[in-house]
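Starting from 1, each residue takes its place in the sequence as its number.
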Amino acid sequence: METRSSEETKRLAVSLAPILVPGDMIVLSGDLGAGKTTFVQGLAVGLGIAERVTSPTFVLMKEYLGGRYPLMHLDIYRLNTIQDVIDLGYDEFLDPSYVVAMEWGDMVEPLLPKEHLNVELKLIGGSSRTVSLTPRGVNWMNRMPTVRLLASELFSAGRSADPGAFGEDFLPGEESGRNN
């Protein structure tokens, strides 16, 4: 799907919040400056977190409490190897009572839980970007029809949603969305 502004990127993330539960992991990847932190800001708003969300690039991890569920925001861009992530205490960050959003998580694909949602953001010019949501695992595959409905309703309220905006990676049951 295409978002045409930072606000639309946040709104897309807000639309995911109603289906999030503790233990969920959202893995964000894409271009520098494409809106990964902006997306996490929307998740926080949707979870009812009032605290301002900022990039954890230099601190690597930030916790946000006070919402429907706590949010753990990780940014592993500055880490060089999978071992660096493990040494940082990666297992401790996967607290099942949190929703976890990990920027640059594609860099540690072997460490990711089987069940997660990949969110890839790519700049396409100006403030527009494409956002691809790819479910990994049966649980996320089963939630994708609801995700599609929530996002479609959100965008139809503000502007016409492109009926093909979700692409193949967004369709439940597609082989591209399965994690074997």
Using atom types as modelled and distance alone, determine if a side-chain donor or acceptor of [X] lies under 3.5 Å from a backbone N or O of [Y].
{"X": "S128", "Y": "I124", "answer": "no"}
{"X": "R68", "Y": "V21", "answer": "no"}
{"X": "R129", "Y": "S127", "answer": "yes"}
{"X": "E115", "Y": "V138", "answer": "yes"}

Atom [atom1] of [X] and atom [atom2] of [Y]: how far apart are they, to the nearest 0.5 Å?
{"X": "L20", "Y": "Y69", "atom1": "CG", "atom2": "OH", "result": "8.5 Å"}
{"X": "T9", "Y": "E2", "atom1": "OG1", "atom2": "CD", "result": "10.0 Å"}
{"X": "D24", "Y": "N139", "atom1": "CG", "atom2": "CG", "result": "6.5 Å"}
{"X": "M141", "Y": "R136", "atom1": "CE", "atom2": "CZ", "result": "9.5 Å"}
{"X": "F39", "Y": "L16", "atom1": "CZ", "atom2": "CG", "result": "4.5 Å"}
{"X": "K10", "Y": "L43", "atom1": "NZ", "atom2": "CG", "result": "12.0 Å"}

Inset, instruction - Answer yes if Y98 and L111 sit in the same cluster of Ile, Leu, Val, Met, Phe, Trp and Tyr residues linked by side chain heavy atoms under 4.5 Å apart, and no otherwise. - result: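 Result: yes, single cluster for both.
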Inset, instruction - Determine, using the 4.5 Å side-chain heavy-atom cutoff (strictly less than), whether V14 and V53 are members of one ILVMFWY cluster. - result: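 No.
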Legend entry - Stepwise side-chain hydrogen bond (donor to acceptor under 3.5 Å, both in side chains) test for H73 and E103: CA-CA 8 Å; H73 184 191; E103 295 188 33; 2.6 Å; yes
Any side-chain heavy-atom pair from [X] and [Y] closer than 4.5 angstrom?
{"X": "D75", "Y": "W104", "answer": "yes"}
{"X": "R148", "Y": "S152", "answer": "yes"}
{"X": "L112", "Y": "M25", "answer": "yes"}

Please give me the minimum heavy-atom distance between [X] and [Y], naming the atom from each residue.
{"X": "L123", "Y": "G33", "value": "CD2-O, 3.8 Å"}
{"X": "S6", "Y": "T38", "value": "O-CG2, 3.5 Å"}
{"X": "L71", "Y": "A44", "value": "CD2-CB, 4.0 Å"}
{"X": "L12", "Y": "A151", "value": "CD1-CB, 3.7 Å"}
{"X": "A101", "Y": "L28", "value": "CB-CD1, 4.1 Å"}

Legend entry - Axial cation check for W140 ring with R143, 6.0 Å and 45° limits: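 Yes, a cation-pi geometry.
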Legend entry - Test side chain to side chain contact (heavy atoms under 4.5 Å, CB included) applied to I26 and V100, V40, L133, L117, the passing residue: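 So, applying the side chain to side chain contact (heavy atoms under 4.5 Å, CB included) to I26 and each of V100, V40, L133, L117, only L117 qualifies.
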Inset, instruction - Could you walk me through whether V131 and V119 pass side chain to side chain contact (heavy atoms under 4.5 Å, CB included), step by step? - result: CA-CA 7 Å; V131 182; V119 177; 3.9 Å; yes
Inset, instruction - Taking only Lys NZ, Arg NE, NH1 and NH2, and the carboxylate oxygens of Asp or Glu, determine whether E120 and K122 approach each other closer than 4.0 Å. - result: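 A salt bridge links E120 with K122.
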Inset, instruction - Please determine if D31 and K36 form a salt bridge, counting it only when a charged side-chain N lies under 4.0 Å from a carboxylate O. - result: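 No.
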Legend entry - side chain to side chain contact (heavy atoms under 4.5 Å, CB included) assessment of T37 paired with Q41: CA-CA 6 Å; T37 298; Q41 289 169 343; 4.1 Å; yes
